[in-house]
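Chain A is the first sequence line, chain B the second, and so forth, proteins listed ahead of strands; every chain is numbered from 1.
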Protein chains: 2
Amino acid sequence: MIKLEKRTEIIHAALELIAEQGFHAAPMAMIASRAGVGAGTIYRYFANKDVLITELYREIEAKILPCLLEGYIEKQPIRERFLHLSMALLRYFIIHPLYFRYLEQFFNSPYGVALRREKLLGRTEKRDAYRELFVEGVAGQVIKDLPLPVLFALSFGPLLAVTRDHVLGFIVLDDALMARTIEACWEGLKK
Amino acid sequence: MIKLEKRTEIIHAALELIAEQGFHAAPMAMIASRAGVGAGTIYRYFANKDVLITELYREIEAKILPCLLEGYIEKQPIRERFLHLSMALLRYFIIHPLYFRYLEQFFNSPYGVALRREKLLGRTEKRDAYRELFVEGVAGQVIKDLPLPVLFALSFGPLLAVTRDHVLGFIVLDDALMARTIEACWEGLKK
DNA sequence: AGTTTCGGAATGAACGTTCATTCCTATACC
DNA sequence: GGTATAGGAATGAACGTTCATTCCGAAACT
């Protein structure tokens, strides 16, 4: 339907503007014009700006999760599963830099602070995969016996930082460098 | 002088509001009222909001650097120097959570993006201490031969992440946990 | 010493701008 | 022709900034 066409255009325009320049550079009027749509039209598809922004977040999240778990083998050793998940995560963000930058903007904004709180307490597919990994690894004496948030920090901290550096053009993350970086993370994690 | 009194009040009000709630929650009128000052008075001390925010950033940065280098011994082995710097950094942020949160807001805002670019290319005292450490460590075969941004990511990524988790109340970073976290970072770094 | 004058500091109401949202008209579809 | 959809000008709230005015302590004068 044309309805979905427009909705997609609006979402995509918002994604581009926010990812490239941040929320301050994405007023509704500009989103509308980049989407080739009238300002009022946006409100036929989204109740307000908050809804648009949150919906966009959810769409991105929903696309990432399956990619991470593709080829993921529960039976493999902890180390291999960690390498797999992390490699998939980095590759995904490298292929979709707009998504990465949008997520960064989102989590570092008022929109995302509540969600971050949920993340650490509640659960998400992605975090869950990692969480299970960590819990199992700690129990099996494979991973350091540190609080879960610290294990997350040791993994996601470096991974997101190198992704940012790549997206901003400070380094070039090829498969080899990604693998070496992830391996270094693992060495921090392992017992 | 009374002049400095007011300036200090204004800076402190801005620090509190921005650190606690983000830039969106710190209009000039609110900064003024929290500082116990008229709205126009701010402009006697700062040309505009950008200047106020940047000045506040510089003041914080200037306070941190000396603390990191206190008791820092150039002659010590790389590992010990890394542990020292990192311990000092974490301790500082734990003691001054407002500074930490302000810096986070600052770097994740339009104000800070330009600066971050400078940081990675140019130089700062703090980053320089780490940078020298890394360069020396790579040359001496003590640290993995990875690009500098990756080494920074492996260090600051986890350190800032655990600090954030502590400040947000998800974990309690005591000296023992700090030391274990930093040790884990080092294991990722070392050859 | 008491009174007046003076000047910089402080003030907050007012202004212009920006933005999200609404509303009414024009258009497309059946 | 009647209904649903799109558009973009209109609206009002919020914000950073300005400026005419007030305030206050110190100098100057008697």
Restricting both atoms to N or O, compile the protein contacts to nucleotides 18-21 of chain C shorter than 3.5 Å, with distance only.
| unit_1 | atom_1 | unit_2 | atom_2 | d |
| --- | --- | --- | --- | --- |
| C:dA20 | OP1 | A:K49 | NZ | 2.2 |
| C:dA20 | OP2 | A:M28 | N | 2.4 |
| C:dT21 | OP2 | A:Y43 | OH | 2.9 |
| C:dT21 | OP2 | A:K49 | N | 2.9 |

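- Look at CE on B:M30: it is 16 Å from P on D:dT17, rounded to the nearest Å.
- Dashed line: the shortest gap from a side-chain N or O of A:K6 to OP1 or OP2 of D:dG7 is under 4.0 Å.
- Between the side chains of B:E16 and B:H12, at least one donor N or O sits under 3.5 Å from an acceptor N or O.
- With a 4.5 Å cut-off on side-chain heavy atoms, B:F170 and B:R164 do not count as touching.
- Using a 4.5 Å heavy-atom threshold, the side chains of B:F93 and B:L160 count as touching.
- More than 12 heavy atoms of other residues, nucleotides or ligands lie within 6.0 Å of CD in B:E183, so this atom counts as buried by the packing criterion.
- Rounded to whole Å, the distance from CD on A:E9 to P on D:dG7 is 12 Å.
- One atom, CZ of B:R7, and another, C1' of C:dA9, lie 16 Å apart when rounded to the nearest Å.
- Atom CD1 in B:I31 sits roughly 11 Å away from atom P in D:dC15 (whole-Å rounding).
- Separating the CD1 atom of B:I10 from the P atom of D:dT17 is a distance of 13 Å, rounded to the nearest angstrom.
- The only member of B:F156, B:Y72, B:W186 that meets ring-ring contact (aromatic ring centres under 6.0 Å, His included) when paired with B:F82 is B:W186.
- Classification of the B:Y99-B:H96 ring pair by plane angle, with boundaries at 30° and 60°, yields parallel.
- Per the geometry, CG belonging to B:L52 stands 10 Å off P belonging to D:dT17, to the nearest Å.
- Where A:R44 and A:G40 meet DNA chain D, the nucleotide closest to each residue was compared, and A:R44 sits on the side nearer the 5' end.
- Across the protein-nucleic acid pair, B:Y111 atom OH and D:dG16 atom P stand 8 Å apart, rounded to whole Å.
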